[in-house]
Peer 1: 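Dropping the structure in here first, questions after.
Sequential numbering from 1 along the given sequence is applied to the chain's residues.
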Amino acid sequence: MGLSIGIVGLPNVGKSTLFNALSGASVLAANYPFATKDPNVGVVPVPDERLDRLAALFRPKKTTHAALEFVDIAGLVRGASKGEGLGNQFLANIREVDAVAHVLRCFSDPDVVHVDGAVDPVRDRDVVETELMLKDLETLEKKRERRAKDAKAPGKPGEEAKADLALYDKLKAALDAGRPARAVPLNDDEKPRARELFLLTSKPVLYVANVDEAQLQRLDSDPLVRKVAALAEKEGARWVAICSKVEAEIQQLPEQERAEFLAHAGLSEPGLNKLVREGFELLGLASYFTVGEDECRAWVIKKGMRAPQAAGVIHTDFERGFIRAEVATYDDFVAHGGELGAKEAGKLRLEGKDYVVRDGDVIHFRFNV
């Protein structure tokens, strides 16, 4: 799908350490601001036990998980909207991603300086959000200045321009009041107009509370983690607690040693698994599966996508020549031992062009070009 999540936050909150753990890349993680001057990109597989179960059933030559792209964006600072701390470059990087994972520091470490001298995740969030809002206000002012001239035109062009101006004013009022663009209710006419603005605060946000190993054992009671949870609840946003340092250590271990390490840390699975799954949900994505002896694969689609468009994710010819889809739910497919068993049990359905693909569907597409 080519969708990406930008990892943002103040300097020294653990963004690059988290990115290292996510992608296995060797990104510079140094104890000073702007250790990462250019955005680093990593493609991360989405953990999915369903695909692993299908692979165990078919024993294919290849198993391919769905994947997300994560972009490590250098730390923002106060004044970024005016170009401070290479701010223009960083803000441009944020504009190019589809969603934001906002890393909030909850750990204390005397060896890792905080740019504001003390740890406060809500204050840190406010600093970054304020800079993004200021940039969005600047964008709206420029757009309004240009569009105001068009509003004087007669007929439909003038009416379209007036509708744009009304939207700009609606968004500006929210930003002036300290509310991000994503919090503004929009009608069906306003939504496509708003998308064309590419506002930074319109992007969905996942808050990442970056904790130390001791805090992992008391997430429900840790005051800084609870601050992040309360912030997310107030906004209706997603959040996850992660110890980036522990996650990076897990990635350095051989596969056979990871289970013991996780148990010692009190984790049932790597925190990264939850982070990636939350990111997948944040972007409104779903997976369907294709299976066979050559490959078992999870294909990424937008929720609500119809069968021909979902087929087009595999190849444009599949969409162009779509005839029908043979579909079974994952549960039915596995419970009956595969396609033949599902068919004999009456659990394999034939679906046409109007079928909305569901997360977990196992599909075989019929097409003719």
Side-chain angles (χ1 to χ4, degrees), residues 1-10 15 39 69-104 124-151 160-208 231-232 234-239 279 281-285 302:
M1 296 292 291
L3 296 175
S4 59
I5 297 176
I7 302 174
V8 305
L10 292 180
K15 297 183 310 301
E69 185 176 276
F70 282 86
V71 183
D72 182 26
I73 299 173
L76 290 166
V77 294
R78 284 189 178 89
S81 61
K82 302 300 180 185
E84 293 294 326
L86 304 177
N88 290 332
Q89 178 185 339
F90 300 160
L91 292 167
N93 295 148
I94 294 172
R95 199 179 301 280
E96 292 170 3
V97 299
D98 300 288
V100 170
H102 191 157
V103 182
L104 299 171
D124 291 357
R125 175 265 185 195
D126 290 345
V127 169
V128 173
E129 191 84 328
T130 297
E131 295 303 324
L132 300 184
M133 287 183 184
L134 288 171
K135 197 65 180 179
D136 282 349
L137 281 168
E138 181 184 313
T139 297
L140 287 172
E141 287 167 8
K142 290 179 180 177
K143 291 276 188 182
R144 199 184 201 294
E145 187 178 330
R146 290 195 291 267
R147 203 68 172 122
K149 299 173 185 176
D150 300 330
E160 286 291 315
K162 288 174 185 175
D164 284 342
L165 292 176
L167 173 64
Y168 301 165
D169 291 342
K170 183 178 183 178
L171 292 168
K172 184 179 184 300
L175 292 165
D176 283 336
R179 294 168 55 222
R182 63 181 171 274
V184 180
L186 300 176
N187 61 39
D188 290 341
D189 178 63
E190 292 170 327
K191 287 176 182 177
R193 297 177 191 275
R195 281 195 291 270
E196 293 175 0
L197 295 170
F198 298 102
L199 297 180
L200 300 171
T201 63
S202 67
K203 299 179 186 297
V205 172
L206 166 66
Y207 290 113
V208 182
L231 171 66
K234 181 180 177 182
E235 293 186 11
R238 295 176 176 274
W239 76 281
E281 285 290 327
L282 183 70
L283 290 167
L285 301 178
K302 274 281 189 182

Peer 1: Excluding sequence neighbours, so at least two apart, what forms side chain to side chain donor-acceptor pair (under 3.5 Å) with K170?
Peer 2: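 Per chain and number, K170 pairs via side chain to side chain donor-acceptor pair (under 3.5 Å) with E190.
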Peer 1: List in chain and number order the residues that pass side chain to side chain donor-acceptor pair (under 3.5 Å) with D126, two or more places apart in sequence or in another chain; answer none if no residue qualifies.
Peer 2: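 Not a single residue meets the side chain to side chain donor-acceptor pair (under 3.5 Å) criterion with D126.
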Peer 1: Can you measure from CG (L104) to CG (L10) and round to the nearest 0.5 angstrom?
Peer 2: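 Taking CG in L104 and CG in L10, the distance rounds to 8.5 Å.
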Peer 1: Less than 4.5 Å apart, side chain to side chain, heavy atoms only: is that true for V100 and L200?
Peer 2: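 Heavy-atom side-chain distance check fails, nothing below 4.5 Å.
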Peer 1: Among all residues two or more places apart in sequence or in another chain, which pass the salt bridge (Lys or Arg N to Asp or Glu O under 4.0 Å) test with D188?
Peer 2: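 D188 satisfies salt bridge (Lys or Arg N to Asp or Glu O under 4.0 Å) with no other residue.
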Peer 1: Mind checking what makes side chain to side chain donor-acceptor pair (under 3.5 Å) contact with K191, not counting sequence neighbours?
Peer 2: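 Partners of K191 by the side chain to side chain donor-acceptor pair (under 3.5 Å) criterion come out as none, since no residue qualifies.
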Peer 1: Which side-chain hydrogen bond (donor to acceptor under 3.5 Å, both in side chains) pairs, counting each pair once, include a residue from residues 171-186, with sequence neighbours left out?
Peer 2: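 Only E129-R182, K172-D176 qualify under side-chain hydrogen bond (donor to acceptor under 3.5 Å, both in side chains).
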Peer 1: Only counting residues at least two apart or in another chain, list the ones meeting salt bridge (Lys or Arg N to Asp or Glu O under 4.0 Å) with E141.
Peer 2: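 Here no residue qualifies.
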Peer 1: Return the CG to OG1 distance between L175 and T130, rounded to the nearest 0.5 Å.
Peer 2: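 Interatomic distance, L175 CG to T130 OG1, rounded to 0.5 Å: 11.0 Å.
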Peer 1: Ring pair (Phe, Tyr, Trp, His ring centres under 6.0 Å) with F70: which residues, sequence neighbours excluded?
Peer 2: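 Partners of F70 by the ring pair (Phe, Tyr, Trp, His ring centres under 6.0 Å) criterion come out as none, since no residue qualifies.
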Peer 1: May I ask you to say whether D169 pairs ionically with R144, meaning some side-chain N is under 4.0 Å from a carboxylate O?
Peer 2: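 Looking at R144 together with D169, the answer is yes, because their closest N to O distance falls below 4.0 Å.
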Peer 1: When rounded to the nearest 0.5 angstrom, what is the spacing between CG in N187 and CG in D189?
Peer 2: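 The CG atom of N187 sits 5.5 Å away from the CG atom of D189.
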Peer 1: Please list, chain by chain and in numerical order, all residues satisfying salt bridge (Lys or Arg N to Asp or Glu O under 4.0 Å) with D150, sequence neighbours excluded.
Peer 2: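 So D150 forms a salt bridge (Lys or Arg N to Asp or Glu O under 4.0 Å) with R147.
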Peer 1: Roughly how far, to the nearest 0.5 Å, is CH2 of W239 from NE2 of H102?
Peer 2: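 Going from NE2 on H102 over to CH2 on W239, the span is 15.0 Å.
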Peer 1: Output all residues satisfying side chain to side chain donor-acceptor pair (under 3.5 Å) with E96, sequence neighbours left out; order by chain, then residue number.
Peer 2: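 None.
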Peer 1: If the condition is salt bridge (Lys or Arg N to Asp or Glu O under 4.0 Å), which residues does K149 pass it with, not counting sequence neighbours?
Peer 2: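 Expected list: none.
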Peer 1: Any salt bridge (charged side-chain N to carboxylate O under 4.0 Å, His left out) involving residues 195-206? Give me the pairs, sequence neighbours left out, ordered by first then second residue.
Peer 2: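 Qualifying pairs: none.
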